[in-house]
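Accompanying notes for the structure given below.
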Amino acid sequence: MSMRIVIGLALVGLAYLIFWPVDVDPVAWEPPEAPGFTGAFAENNALDSLELVSLPDGEEGPEDIAIMPDGTIYTTSISGTLYRIDGDSPVKIDDLGGRPLGLQAGPDGALYIADSYRGLMRWTGPGTLVSLVSEIGGSPVVYANQLDVAPDGTVYFSNSSDRFDPETMGGTKATSVLTIWEQSDTGYVARYSPDGTTKKVAEGFVYTNGVALSPQTDFLLIAETGRARVHKLWLTGPSAGQREVLMENLPGYPDNLTAQGDGTYWMAFASPRVPSEALMPYPFLRKVIWRLGPLVRPAPIHRGMIVQFDGDGSILQTLQDPGGRLGITTAGQVVGDLFYVMTLDSPWYGRMPVADLP
């Protein structure tokens with residue numbers, strides 16, 4: 001091969017890396033140095049004793065769990081199958097379609113679903129799935145993620161991004177990586193009222209994720225995955241409408257938040273903070289890296305972690321899976337005498353007796 005051809009190919013490659021159009025349009029951000037697994041987050045192997053319960057038929061992705069008023073427990077899969085968690089074998093109940101993420105029981109006995117493809121949904125039995133919110137103010141709900149339901153039936157739900165649709169961008173995991181790599185702050189939280197009206201109540205998040213109401217519904221906790229922090233949005237009282245950072249510079253990227261009902265909350269970390277955060281101040285370089293393809297793009301690290309904390313942000317328990325056998329952990333909750341840990345795209349969820357928790 002002549003030197004002229006080599007130079008020509010090198011110039012073509014360079015032009016590709018500099019000019020080839022890609023979906024991501026990075027925003028500069030100076031992240032604080034990740035604290036690592038120290039202090040309240042010190043490493044442990046508390047989740048080693050989890051029993052892994054597989055979904056039937058090779059299904060994957062039991063992202064969340066819902067406990068109905070009658071005690072029935074539900075989860076879903078990537079394909080949109082709804083399962084009843086019943087003993088040692090989940091039982092298929094319905095085909096919902098879409099990609100259900102957050103699940104929560106309502107005071108009306110219905111199952112409310114944050115579907116990342118279709119928005120906010122409601123289900124009361126096989127064949128009854130209906131859409132409640134697919135757009136707000138004429139704009140589509142692009143990426144519904146999690147939700148919580150107040151005693152009066154008001155539903156608060158997160159929309160992770162207004163830019164990237166997981167149905168067309170390769171699924172929720174790929175879209176989450178894209179959104180966080182870009183650092184665009186188009187995520188928001190909306191409120192669906194029993195009268196059918198919907199309104200955004202908090203905006204400007206880099207990948208909005210878990211939401212959880214306080215027992216008195218006086219505040220809402222909001223996980224901002226892309227900035228590794230949790231916000232508190234006051235709903236009532238003299239600070240109503242105001243937002244404050246409750247927890248920041250966390251050692252991992254927070255996923256679902258689950259209110260246990262006793263004033264404490266469970267928070268799952270989808271991944272530890274990744275080394276490629278060092279490139280966040282350099283938008284051009286991040287764009288070049290995205291052009292290089294999936295093999296060099298950032299990806300979640302499998303290292304399970306669930307923490308319990310109170311409404312003031314104090315860490316009460318830290319439960320970890322350093323070996324990553326669970327996959328990407330997304331939610332945790334105590335149900336009766338069992339503690340459940342849910343996963344994003346693994347073929348199983350985990351469970352263990354509450355008596356075995358540290």
Side-chain angles (χ1 to χ4, degrees), residues 61-67 74-78 80 82 96 98-106 111-123 132-133 136 141-150 154-162 166 171-173 175-176 179-180 186-192 198 200-203 205-214 217 219-233 246-247 252-261 265-271 306-307 309 328-333 340-345 349:
E63 153 88 11
D64 201 7
I65 187 172
I67 299 86
Y74 289 121
T75 191
T76 54
S77 70
I78 287 176
L82 178 69
L96 304 179
R99 178 28 172 150
L101 293 179
L103 307 174
Q104 184 68 33
L111 176 66
Y112 289 84
I113 303 163
D115 188 304
S116 64
Y117 296 173
R118 298 177 296 188
L120 180 63
M121 317 289 285
R122 182 178 182 271
W123 180 90
L132 297 179
V133 182
I136 301 175
V141 175
V142 175
Y143 191 167
N145 197 318
Q146 212 209 359
L147 74 166
D148 203 356
V149 186
T154 300
V155 182
Y156 292 87
F157 66 95
S158 61
N159 183 75
S160 294
S161 170
D162 248 358
T172 57
K173 182 164 71 172
T175 309
S176 68
T179 304
I180 295 169
T186 64
Y188 62 81
V189 174
R191 178 181 63 222
Y192 171 80
T198 306
K200 294 180 183 179
V201 296
E203 301 179 70
F205 299 100
V206 178
Y207 200 87
T208 336
N209 206 320
V211 294
L213 286 160
S214 68
T217 64
F219 62 80
L220 179 75
L221 299 181
I222 305 166
E224 185 181 17
T225 305
R227 293 284 172 90
R229 59 188 180 182
V230 175
H231 301 259
K232 177 185 283 188
L233 174 68
L246 180 68
M247 306 165 72
Y253 301 109
D255 203 293
N256 287 354
L257 300 178
T258 304
Q260 189 60 54
Y265 308 85
W266 294 98
M267 173 170 59
F269 287 91
S271 167
I306 309 282
V307 300
F309 65 98
I328 297 174
T329 51
T330 53
Q333 188 169 2
Y340 288 86
V341 177
M342 314 310 289
T343 63
L344 179 67
D345 54 5
Y349 57 86

Any side-chain heavy-atom pair of Asp64 and Thr330 under 4.5 Å: no
Tyr207 vs Tyr253 side-chain heavy atoms within contact, under 4.5 Å: no
Candidate pair Trp266 and Asn256, rule side-chain contact (heavy atoms from CB on, under 4.5 Å), full reasoning: CA-CA 8 Å; Trp266 294 98; Asn256 287 354; over 6 Å; no
Intermediate values then yes/no, side-chain contact (heavy atoms from CB on, under 4.5 Å), Trp123 and Leu103: CA-CA 10 Å; Trp123 180 90; Leu103 307 174; over 6 Å; no
Gap between atom CD1 of Ile113 and atom CG of Leu120 - 0.5 Å precision: 9.0 Å
Worked verdict on Tyr265 versus Val230 for side-chain contact (heavy atoms from CB on, under 4.5 Å): CA-CA 12 Å; Tyr265 308 85; Val230 175; over 6 Å; no
Ala268 backbone acceptor or donor facing Asp255 side chain under 3.5 Å: no
Working for side chain to side chain donor-acceptor pair (under 3.5 Å), residues Asn145 and Ser160: CA-CA 6 Å; Asn145 197 318; Ser160 294; 2.8 Å; yes
Heavy-atom check, side chain of Tyr143 versus side chain of Thr186, under 4.5 Å: no
Heavy-atom side-chain proximity of Val307 to Phe269 below 4.5 angstrom: yes
Those residues that, when tested against Gln146, pass side-chain hydrogen bond (donor to acceptor under 3.5 Å, both in side chains) (two or more places apart): none
Tyr112 side chain reached by Leu132 side chain, heavy atoms, under 4.5 Å: yes
Test side-chain contact (heavy atoms from CB on, under 4.5 Å) applied to Thr75 and Tyr340, step by step: CA-CA 11 Å; Thr75 191; Tyr340 288 86; over 6 Å; no
Nearest-0.5 Å distance that lies between atom CD in Glu63 and atom OG1 in Thr343: 8.5 Å
Heavy-atom side-chain contact between Phe309 and Leu257 under 4.5 Å: yes
Check: Met267 and Leu221 side chains under 4.5 Å, non-hydrogen atoms: no
Main-chain N/O of Tyr188 paired with Thr208 side-chain donor or acceptor, under 3.5 Å: yes
Leu233 side chain reached by Val189 side chain, heavy atoms, under 4.5 Å: no
Option from Val142, Val206, Thr179, Ile180 for which side chain to side chain contact (heavy atoms under 4.5 Å, CB included) with Ser161 holds: Thr179
Closest approach of Gly119 to Val141 (non-hydrogen atoms, all atoms of both residues): CA-CG1, 4.2 Å
Under 3.5 Å donor-acceptor, Ser158 side chain and Asn209 backbone: yes
